[in-house]
Amino acid sequence: MTGITFFSLFTQLPAYVPITILMAVLSMILAIFIGGFLTSLQLSPVAPFRGFAHLYISLFRGMPTLVQLFIIFYGLPQIFPALRGLSAFAAVVFGLGFKQASYLAEIFRAAVNSVDKGQIEAGQSLNISRSKLFLNVVLPQATINALPATGNTFVSLVKETSLAFTLGLTELFGDGKMIAGESFKYFETYLAVGIIYWILIVVYTWLQHLLENALQKPYRRTANVINRSKEPVSENRPEASLETH
């Protein structure tokens with residue numbers, strides 16, 4: 001490891017980028033499903049359901065991520081022997097997924113509440129079922145409204161995958177830590193790790209921007225049509241001459 005240079009690190013560290021991305025994507029998928037379920041509980045008229053959702057959100061938002069990972073990987077197998085074979089990878093995915101679901105639940109709830117209630121009332125006056133109203137009216141608009149904040153949550157999730165090394169799982173940060181310990185080039189190694197994380201976030205932000213533009217196109221067309229319909233119609237027809245020849 002003595003021959004390592006700053007630039008050579010960019011040929012070694014990317015080998016663990018796939019596992020970092022895989023952990024982040026799987027955790028995000030789990031968080032979306034749990035967050036959506038919690039949102040439905042928060043919007044439920046049943047008080048115990050709302051109470052459970054609020055308790056879950058408060059608990060997982062208030063507890064440090066590293067503590068949650070240690071509870072899942074080291075604590076739960078002591079209580080439930082069936083979990084003794086739980087891998088570090090699975091523990092990280094579940095731990096990060098449960099954690100981020102508490103944030104996504106609030107994001108989804110705010111996105112649903114941001115949809116104009118007049119549209120829902122108009123649909124109900126036409127005897128459209130609640131399920132169709134939600135799927136065709138509320139969900140598309142709520143998705144667009146929630147996308148920026150959801151993207152920020154995924155960005156945080158990608159960086160939190162670095163905690164997987166505390167459970168013995170080697171990923172991008174874990175590989176950098178081992179290289180730095182063997183070569184004693186801490187500054188160069190951790191700087192390279194940080195730059196790679198930064199590149200991942202930049203690429204994801206660009207992809208998210210493309211997705212936002214694609215989802216907003218139908219609504220932009222509708223807005224343009226509405227704006228044009230509101231413009232006064234000017235008649236440029238020449239006035240008929242009243243003169244007789």
Side-chain angles (χ1 to χ4, degrees), residues 21 24-62 93 96-160 200-233:
I21 296 176
V25 171
L26 293 179
S27 300
M28 192 64 181
I29 294 174
L30 178 62
I32 289 174
F33 280 104
I34 298 177
F37 175 70
L38 291 173
T39 301
S40 65
L41 294 182
Q42 290 186 93
L43 300 176
S44 171
V46 182
F49 290 169
R50 297 196 303 270
F52 172 79
H54 293 158
L55 177 62
Y56 181 101
I57 294 170
S58 176
L59 177 63
F60 280 87
R61 290 178 67 177
V93 170
L96 296 181
F98 292 157
K99 171 77 171 183
Q100 297 303 326
S102 61
Y103 293 99
L104 290 181
E106 289 293 286
I107 293 172
F108 295 164
R109 179 186 61 82
V112 171
N113 289 334
S114 67
V115 178
D116 186 12
K117 297 299 185 294
Q119 300 179 46
I120 301 176
E121 293 173 357
Q124 291 175 343
S125 66
L126 298 174
N127 294 325
I128 301 177
S129 63
R130 296 176 65 89
S131 59
K132 288 185 178 180
L133 279 176
F134 179 78
L135 292 176
N136 298 321
V137 178
V138 177
L139 185 59
Q141 297 180 66
T143 300
I144 296 176
N145 295 338
L147 189 56
T150 303
N152 291 335
T153 301
F154 182 73
V155 168
S156 299
L157 185 56
V158 171
K159 292 181 288 186
E160 283 192 333
L200 292 177
I201 300 306
V202 169
V203 172
Y204 168 75
T205 303
W206 174 69
L207 293 175
Q208 177 184 328
H209 181 68
L210 294 179
L211 179 60
E212 289 179 4
N213 288 337
L215 293 177
Q216 290 175 356
K217 278 184 179 180
Y219 296 96
R220 288 174 181 171
R221 295 194 194 101
T222 304
N224 291 334
V225 171
I226 294 175
N227 292 334
R228 289 175 182 174
S229 64
K230 292 181 180 180
E231 294 179 358
V233 179

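The first residue of the sequence shown is numbered 1, and numbering continues consecutively from there. Nothing here was measured: the structure is a model prediction, and the numbers come from that model.
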If I take atom [atom1] from residue [X] and atom [atom2] from residue [Y], how far apart are they, to the nearest 0.5 angstrom?
X    : Y    : atom1 : atom2 : value
W206 : L211 : CH2   : CG    : 12.0 Å
S27  : L157 : OG    : CG    : 5.0 Å
T205 : L200 : OG1   : CG    : 10.5 Å
Q119 : N136 : CD    : CG    : 12.0 Å
K159 : I201 : NZ    : CD1   : 6.0 Å
N113 : L43  : CG    : CG    : 6.0 Å

Pairing residues for T143 by the side chain to side chain donor-acceptor pair (under 3.5 Å) criterion, not counting sequence neighbours: none
Report the residues that fulfil side chain to side chain donor-acceptor pair (under 3.5 Å) with H54, sequence neighbours left out, ordered by chain and then residue number. none
Partner of F98 by side chain to side chain contact (heavy atoms under 4.5 Å, CB included), out of V93, I34, L59: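 It is I34, the one option of V93, I34, L59 that forms the side chain to side chain contact (heavy atoms under 4.5 Å, CB included) with F98.
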Please step through side chain to side chain contact (heavy atoms under 4.5 Å, CB included) for the pair I107 and T39, ending with a clear verdict. CA-CA 9 Å; I107 293 172; T39 301; over 6 Å; no
Nearest heavy atoms of [X] and [Y], plus distance in Å:
X    : Y    : value
A142 : V115 : N-CG2, 4.0 Å
L147 : Q208 : O-NE2, 3.6 Å
Q42  : A53  : CG-CB, 3.6 Å
G97  : L30  : CA-CD2, 4.1 Å
L41  : R50  : O-CG, 3.3 Å
A105 : L38  : CB-CB, 3.7 Å

Only counting residues at least two apart or in another chain, list the ones meeting ring-ring contact (aromatic ring centres under 6.0 Å, His included) with F60.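 Expected list: Y56.
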Counterpart residues, ring-ring contact (aromatic ring centres under 6.0 Å, His included), relative to Y204 (two or more places apart):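 ring-ring contact (aromatic ring centres under 6.0 Å, His included) check on Y204 returns F154.
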Could you go step by step and tell me if Q141 and D116 meet the side chain to side chain contact (heavy atoms under 4.5 Å, CB included) rule? CA-CA 9 Å; Q141 297 180 66; D116 186 12; 5.8 Å; no
For L55, does its backbone N or O pair with a side-chain atom of S58 as donor and acceptor, under 3.5 Å?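 No; zero donor-acceptor contacts below 3.5 Å.
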Strictly distance-based, threshold 3.5 Å: is any side-chain N or O of S40 a donor or acceptor partner for the main-chain N or O of F37? yes
Pairs where residues 96-107 contributes a residue and the test salt bridge (Lys or Arg N to Asp or Glu O under 4.0 Å) is met, not counting sequence neighbours: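 Listed by first then second residue: E106-R109.
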Heavy-atom side-chain proximity of P148 to E212 below 4.5 angstrom: yes
F134: partners by side chain to side chain contact (heavy atoms under 4.5 Å, CB included), with sequence neighbours left out: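 Here the qualifying residues are V138, L139.
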A quick test of your reading: do over 12 heavy atoms of other residues, nucleotides or ligands sit less than 6.0 Å from NZ of K132?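 Counting neighbours around NZ of K132, 12 or fewer heavy atoms of other residues, nucleotides or ligands fall under 6.0 Å, so no.
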